Amino acid sequence: MTGFGFTVRSRLAGRQGRTGVITTPHGDIETPAFVVVGTKATVKAVLPQSVAELGAQAVLANAYHLFLQPGPDIVDEAGGLGAFMGWAGPTFTDSGGFQVMSLGVGFKKVLAMDTAGLADDDVIAAGRTRLAKVDDDGVTFRSFLNGDVHRFTPEVSMRIQHQLGADVIFAFDECTTLLNTRRYQEASVERTHAWARRCLAAHRALTRERSHRPYQALFGVVQGAQYEDLRRQAARDLAALDVDGQRFDGYGIGGALEKANLGTIVGWVCEELPDDRPRHLLGISEPEDFFAAVEAGADTFDCVNPSRVARNGALYTRDGRFNVVTAANRRSYEPVEAGCDCYTCARYTRAYLHHLFKAKEMLAATLATIHNERFTVRLVDDIRAAIDQGRFDEFRDSFLGRYARR
RNA sequence: GGCAGGUUGCCCGAGUGGCCAAAGGGAGCGGUCUGUAAAACCGUCGGCAAUGCCUACGUAGGUUCGAACCCUACACCUGCCA
């Protein structure tokens, strides 16, 4: 009895999309679902109670960030991530694999969702301080907090994530970018696969060692950038991976995704992955991306975008995204989004949010984040309902038609 | 009343003869953000018929080829002494 499982409820005719339920020791997740990001064991600016009220089914934190601060031992002693942060529902942790890129070669637009300007790997890091350096055995990080040097390997990431105690944890992978060369992507996929095997082995041992703790599901991460052969091979290899009977409970799809081909890429991967395990698309949340990815077989998502953008004054509505900080909203005495059922829209006007942002009041971030997360969670909830009711295409067309109109 | 310092663009604040429509901040205006190094970052920021012209560094006048910068007077502000 693992306490973790996944069952498919309904399917999208002729395609790989489906709805279902993920079962975890801390509750169920109806899929497709958007998992709200709380990197440092907090959804920035928002109370856990509000996160629950806006409909979030799960929260995702980050192993690297929590390793640096406050340290996994403290989270462990506190009873695990959920107990520590006051979140009763399911939790996820990312492995630190994204930081291999964001603290290494990463720079603005590195996830660039188009292939324009493919560069050489050496060019990518030019002019930027690298805080992470990859080799075949692991990654050497320099802390952005105090400069301390830390070493992450698949085994280290697994141990940290076990101490953090999230219900779903991810294999330590190397996140690459569209700017890496094909040759680099090939080597990286191989490396990520070798790490996946080590993660499974470490996870197996840790699961036994810590059998008194709730079961943690391990997801392997499929890389391969924009290349069909690499993505399919990576997915196939992870699906087949078995270390002494230990297999992945689910799969993550990560790394460089061309926006225009996002659905296609997710489709390649999902065709190769086992149908009976959940698939999590890492770091994606734009409306058009949800539709494309769900249709192609993705079950869960997480993304910093709704909250980050909210803190910077941009709000999502069915009619597109807009910046409340703009002068046009100064006297706009209407809700952020007419008809929205979130806490913010039920009580406040655009003019008030505009004022809070202009005055640099903390409440601005709180109210804006609540709205954007609600918008995002509800959109995926609506997609799920549409699939269950057999009207996915209709819903997609009407939603995107209106969203992109402005 | 005496002595000293000060007055710069919406605000604060550099600049003490030409490279100054004037550093830097802030405000304003616009934009960006996809497994969070982000309550961050980028652009713009006197006017116009605009490879130039006009207006502008308290006010008025002067020196100079040339002044925000030097001189004179006046106005106001600040500190110290009476």
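Atoms considered below: every heavy atom in the structure, side chains included; atoms not considered: hydrogens, waters and symmetry mates. Only a predicted model underlies this, so the values are computations on that prediction, with no experimental measurement involved. Residue numbering restarts at 1 for every chain, and letters A, B, ... go by the order of the sequence lines.
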task = Take the protein atom CD of A:Glu373 and the nucleotide atom C1' of B:U34, then report the distance between them rounded to whole Å.
result = 12 Å

inquiry  = Measuring to OP1 and OP2 of B:A40, would you say a side-chain N or O of A:Arg308 lies under 4.0 angstrom away?
reply    = no

key: Atom-to-atom span, NE2 of A:His65 to C1' of B:A37 - whole angstrom   = 7 Å

ask   = Looking at B:G31, does its base get a donor-acceptor pair with the side chain of A:Asn323 below 3.5 Å?
value = no

ask   = Looking at B:U34, does its base get a donor-acceptor pair with the side chain of A:Asp289 below 3.5 Å?
value = yes

inquiry  = When both hydrogen-bonding distances must be under 3.5 Å and the geometry is Watson-Crick or G-U wobble, what is B:C70 paired with, if anything?
reply    = B:G62

Spacing of A:Phe290 atom CZ relative to B:G35 atom P, expressed in whole Å = 12 Å

key: Check: A:Phe219 ring centre within less than 6.0 Å of A:His280 ring centre   = no

For atom OH of A:Tyr64 and atom P of B:A38, their distance in whole Å = 11 Å

ask   = Nearest-Å distance, CE (A:Met362) to P (B:A40)?
value = 14 Å

Nucleic acid contacts of residues 141-168 of chain A, taken as heavy-atom distances under 4.0 Å to RNA chain B = A:Phe144

ask   = Can you tell me how far C1' of B:G35 sits from CZ of A:Phe219, to the nearest Å?
value = 13 Å

query = Just to confirm, is there a sub-4.0 Å distance from OP1 or OP2 of B:A37 to any side-chain nitrogen or oxygen of A:Ser102?
reply = yes

key: Centroid-centroid under 6.0 Å between A:Phe34 and A:Phe301 rings   = no

task = Take the protein atom CG of A:Leu81 and the nucleotide atom C1' of B:G35, then report the distance between them rounded to whole Å.
result = 15 Å

